[in-house]
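Below is one structure. I have some questions about it.
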Amino acid sequence: MTKSAVQEAVSDVPSLRGVFITAMPDCLLFDSWTHPEETWSAEDAASYFGDVVRANREGLKSLRSWSAEMQVTIESATVLLVLMELRDFVVTLAFERDLPLGMVRLHTKRVLERLNTILPKLEATERPRGVRVIEFLERYAPDAHAVLQRVSLRTGVP
């Protein structure tokens, strides 16, 4: 998918500030578009958006109220974020904060319909357990270097 495909999908939404498409389950940036005036780093934000949706999904499952059509809305002082799962992706739409919520929902529905037609079907491959453990530690451990050294000492794997 090219950048122009995402730009085309959002070209008629004037209050949209950015789109971040995160590939799941690894929470890696797949594609993005940001308004030219924005200075956001898509790579920095994408993995967090995937983690937010994953944590929300697991929390709702524990309450037995999870739905496949779940949406996370985050309102800050400057931006309104909408995060939704779309097949193997998490799509995050960043809108201007003063846009009414009804318009946000309308624009979100339209953009997701367009993105659904252009996003490819991803097939997850099973990675070795050790690789997954190391990636988890690098992402979440407070001192990843020390934790990896400790794991190396305990397992005997250099």
Side-chain angles (χ1 to χ4, degrees), residues 1 3 5-7 9-10 12-35 38-144 147-148:
M1 181 168 69
K3 288 265 190 201
V6 173
Q7 282 179 320
V10 300
D12 64 340
V13 185
S15 55
L16 191 65
R17 307 309 294 170
V19 177
F20 307 94
I21 302 171
T22 307
M24 297 301 282
D26 295 327
C27 298
L28 299 173
L29 179 67
F30 180 77
D31 205 347
S32 67
W33 170 84
T34 56
H35 194 277
E38 297 297 342
T39 59
W40 299 330
S41 171
E43 292 83 14
D44 291 344
S47 64
Y48 294 116
F49 296 144
D51 286 340
V52 166
V53 170
R54 182 186 342 220
N56 191 45
R57 180 185 341 115
E58 295 305 315
L60 288 174
K61 281 182 179 179
S62 72
L63 297 174
R64 293 180 179 82
S65 63
W66 179 77
S67 167
E69 296 176 13
M70 172 196 66
Q71 168 181 308
V72 178
T73 305
I74 302 172
E75 300 179 35
S76 76
T78 58
V79 69
L80 191 144
L81 296 174
V82 177
L83 296 86
M84 289 192 74
E85 287 184 283
L86 187 64
R87 294 190 327 254
D88 301 320
F89 300 95
V90 169
V91 177
T92 304
L93 304 173
F95 291 96
E96 293 175 356
R97 180 62 183 97
D98 58 350
L99 187 66
L101 199 52
M103 290 301 293
V104 168
R105 290 182 178 147
L106 178 68
H107 289 312
T108 298
K109 182 179 176 186
R110 289 181 179 168
V111 168
L112 288 175
E113 287 171 355
R114 293 174 192 160
L115 290 176
N116 194 27
T117 62
I118 61 176
L119 288 175
K121 176 72 176 145
L122 295 182
E123 296 200 21
T125 58
E126 186 66 29
R127 293 172 302 153
R129 185 170 189 263
V131 171
R132 292 181 304 185
V133 168
I134 289 173
E135 288 175 352
F136 178 84
L137 292 173
E138 287 175 341
R139 182 179 289 169
Y140 296 110
D143 184 4
V147 171
L148 289 174

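Not measured: the values here are computed from a predicted model.
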### Message
Just to verify, what does E38 make a side-chain hydrogen bond (donor to acceptor under 3.5 Å, both in side chains) with, not counting sequence neighbours?
### Response
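Partners of E38 by the side-chain hydrogen bond (donor to acceptor under 3.5 Å, both in side chains) criterion, ordered by chain and then number, come out as R17.
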
*Can you tell me how far the CD1 atom of I118 sits from the CG atom of D31, to the nearest 0.5 Å?*
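Answer for the CD1-CG pair, I118 versus D31, is 8.0 Å.
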
query: Are T22 and L28 side-chain neighbours, meaning at least one heavy-atom pair lies under 4.5 Å?
result: no

### Query
Do R54 side-chain atoms and P25 backbone N/O form a donor-acceptor pair below 3.5 Å?
yes

For this session: Report yes if the side chains of V82 and H107 come closer than 4.5 Å at any heavy-atom pair, otherwise no.
Result: no

* **Least distance between heavy atoms, A9 atom then V111 atom** =>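 Looking at all heavy atoms of both residues, the shortest contact is O-CG2, 4.0 Å.
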
Taking side-chain hydrogen bond (donor to acceptor under 3.5 Å, both in side chains) as the definition, give me every residue that meets it alongside Q71, ordered by chain and number, with sequence neighbours left out.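 Here the qualifying residues are T73.
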
Between D51 and C27 the two heavy atoms that sit nearest each other are OD1-SG, 3.4 Å

- Task: For residues F95 and V79, report the shortest heavy-atom separation together with the two atoms involved.
- Result: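 Minimum heavy-atom contact is O-CG2, 3.2 Å.
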
Heavy-atom closest pair (D26 atom, R139 atom, distance to 0.1 Å) is O-NH2, 3.0 Å

Could you give all pairs that pass the salt bridge (charged side-chain N to carboxylate O under 4.0 Å, His left out) test and reach residues 74-92, with sequence neighbours left out?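 Found R57-E85, E75-R97, D88-K121.
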
Sorted by chain and number, sequence neighbours left out, ring pair (Phe, Tyr, Trp, His ring centres under 6.0 Å) with F89 holds for F30

Could I get the full list of side-chain hydrogen bond (donor to acceptor under 3.5 Å, both in side chains) partners for R105, not counting sequence neighbours?
->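 Partners of R105 by the side-chain hydrogen bond (donor to acceptor under 3.5 Å, both in side chains) criterion come out as none, since no residue qualifies.
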
Practice problem: Report the distance from atom CG of L115 to atom CG of L86, rounding to the nearest 0.5 Å. | Solution: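 Separation between the atoms: 7.0 Å.
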
(Q) For a 4.5 angstrom cut-off between non-hydrogen side-chain atoms, does V91 reach F49? (A) no

Q) Atom CD1 of I74 and atom CG of L80: how far apart are they, to the nearest 0.5 Å? A)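 Answer rounded to 0.5 Å: 9.0 Å.
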
Applying side-chain hydrogen bond (donor to acceptor under 3.5 Å, both in side chains) to D12 and not counting sequence neighbours gives R114

* **Candidate pair I21 and W33, rule side chain to side chain contact (heavy atoms under 4.5 Å, CB included), full reasoning** => CA-CA 9 Å; I21 302 171; W33 170 84; over 6 Å; no

Please indicate whether K61 has more than 12 foreign heavy atoms, meaning atoms of other residues, nucleotides or ligands, lying under 6.0 Å from its NZ.
-> yes

Exercise. Is the shortest heavy-atom distance from the side chain of M84 to the side chain of L112 under 4.5 Å?
Worked result: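 Yes; the side chains approach each other to less than 4.5 Å.
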
Report task. Could you please spell out the steps behind the side chain to side chain contact (heavy atoms under 4.5 Å, CB included) verdict for F20 and T34? Result -> CA-CA 8 Å; F20 307 94; T34 56; 4.1 Å; yes

Flag the pair M70 / V53 as yes when at least one side-chain heavy-atom distance between them is below 4.5 Å, and no otherwise.
yes

Under 3.5 Å, side chain of T92 to main-chain N/O of L83, donor-acceptor pair present?
no

Quiz item: What pair of heavy atoms forms the shortest contact from G50 to V90, and how long is it?
Solution: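 It is CA-CG2, 4.3 Å.
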
All heavy atoms of L99 vs all of S15, minimum pair found to be CD2-OG, 3.1 Å

